[in-house]
Amino acid sequence: MINRIALVCSLAFWACQNQTETHTPDPLEEVKKSFEVRSSSYDSVSVVDADSLYTFYFLPKDTIEDMGGQLYGAFSLHKYDILKGDINGDGLEDAVFKYTFSPYKQNNQLTYFKILLRKEDTLQEVGEIFGGANCEGPQLSAKEIRSGNMVFHALDYASGDPCSSPSLKSTMTFKIENQKIVKL
């Protein structure tokens, strides 16, 4: 009889604890949702889930010259290139999420960082920071979230640098102000 009472009390305690816990959203899943919504407007979409990338391929059905404003190509979500921390000072964990875009029929890769702010049990996109492209600097890599600021390492091109090797090192810092991304 005592074991049954102890079991019932334990289950009741466990159930009460689980009701007060909040769900922590996964930045990868939140960004995947935004690309899944985007994919509904394309004729041909395929998805590849690899070790470190989750890639959406948005391709035309036929060979076309005028793409009509559509961004065809590969959007690769970088599974392990995510910074987490409090960006906007509300005490909740926000995220900076890297993805790249390789345009259809072009030899280029553009880097972007989605800025996601936590609102209850979801992450909502505030905007994006352009992180560079082949021969377009500066090339950014997310370093840390510190005191509400997003800090990036930056490599830019000095005169005479080849496209593959920017040599000027610096730091770039951004923050959220009035729901907009501001460079400091």
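Hydrogens, waters and symmetry mates are skipped; everything else that's a heavy atom, side chains included, is used. Keep in mind that what you see is a predicted model, and the values were worked out from it rather than measured.
To the nearest 0.5 Å, the span separating CG on D121 from OG1 on T24 amounts to 8.0 Å. Atom-to-atom distance recorded for S102:OG and N107:CG is 9.0 Å, nearest 0.5 angstrom. Note that the CG atom of L53 and the OH atom of Y80 stand 10.0 Å from one another [nearest 0.5 Å]. Considering CD1 of I181 and CD1 of I115, their distance stands at 5.0 Å, rounded to 0.5 Å. With values rounded to the nearest 0.5 angstrom, D81 atom CG is found 9.5 Å from S52 atom OG. To the nearest 0.5 Å, atoms CD1 (I82) and CZ (F113) are separated by 12.0 Å.
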Stepwise side chain to side chain contact (heavy atoms under 4.5 Å, CB included) check, M150 with L83: CA-CA 9 Å; M150 299 163 283; L83 282 181; over 6 Å; no
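Note on residues 134-160: pairs passing salt bridge (Lys or Arg N to Asp or Glu O under 4.0 Å), not counting sequence neighbours, are E144-R146. The disulfide bond (SG atoms under 2.5 Å apart) contacts involving residues 146-184 comprise C135-C163, where partners must be two or more places apart or lie in separate chains. Sequence neighbours left out, not one pair with a member in residues 84-96 passes salt bridge (Lys or Arg N to Asp or Glu O under 4.0 Å). Evaluation of the salt bridge (Lys or Arg N to Asp or Glu O under 4.0 Å) test over residues 162-174, restricted to residues two or more places apart or in two chains, returns none.
In this structure, the side chains of T111 and L140 stay at 4.5 Å or more apart for every pair of heavy atoms. Counting heavy atoms from C-beta outward, P25 and T122 have side chains that stay 4.5 Å or more apart. Counting heavy atoms from C-beta outward, L117 and Q179 have side chains that approach closer than 4.5 Å. Using a 4.5 Å cut-off on side-chain heavy atoms (C-beta onward), P103 and L110 make contact.
Both F75 and V47 are members of a single hydrophobic cluster when ILVMFWY side chains are connected at heavy-atom separations under 4.5 Å. Hydrophobic clustering places F101 together with L59 (ILVMFWY residues linked when any side-chain heavy atoms are closer than 4.5 Å, directly or through intermediates). Linking ILVMFWY residues whenever their side-chain heavy atoms come closer than 4.5 Å, directly or via other members, leaves L77 and V96 in distinct clusters. Linking Ile, Leu, Val, Met, Phe, Trp and Tyr residues whenever their side-chain heavy atoms come within less than 4.5 Å places V48 and V45 in a single cluster. V151 and I176 are assigned to two separate hydrophobic clusters, defined by single-linkage of ILVMFWY side chains at heavy-atom distances under 4.5 Å.
Applying the ring pair (Phe, Tyr, Trp, His ring centres under 6.0 Å) criterion to Y54, with sequence neighbours excluded, gives F56. Remark: K114 engages E125, E128 in a salt bridge (charged side-chain N to carboxylate O under 4.0 Å, His left out) (not counting sequence neighbours). Listed by chain and number, the residues in a ring pair (Phe, Tyr, Trp, His ring centres under 6.0 Å) with F174 are F152 (sequence neighbours excluded). For N178, the side chain to side chain donor-acceptor pair (under 3.5 Å) test picks out no residue, with sequence neighbours left out. The salt bridge (charged side-chain N to carboxylate O under 4.0 Å, His left out) test applied to D49 returns K79, not counting sequence neighbours.
Using a 4.5 Å cut-off between side-chain heavy atoms of Ile, Leu, Val, Met, Phe, Trp and Tyr, V37 forms no hydrophobic cluster with any other residue. Using a 4.5 Å cut-off between side-chain heavy atoms of Ile, Leu, Val, Met, Phe, Trp and Tyr, Y157 forms no hydrophobic cluster with any other residue.
Under a 3.5 Å cut-off, the side chain of D161 and the backbone N or O of P166 do not form any donor-acceptor pair. Panel note: side chain Q124, backbone L116; no donor-acceptor pair is recorded below 3.5 Å.
Smallest separation of non-hydrogen atoms from N88 and K119: ND2-NZ, 4.3 Å. In terms of heavy-atom proximity, G148 sits nearest to K175 at O-CB, 4.1 Å.
The ring of Y112 has its center closer than 6.0 angstrom to the ring center of F130.
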For residues 26-35, which side-chain donor-acceptor pairs fall under 3.5 Å, sequence neighbours excluded?
| unit_1 | atom_1 | unit_2 | atom_2 | d |
| --- | --- | --- | --- | --- |
| D26 | OD1 | L28 | N | 3.2 |
| E29 | OE2 | K32 | NZ | 3.1 |
| S34 | OG | V31 | O | 2.8 |

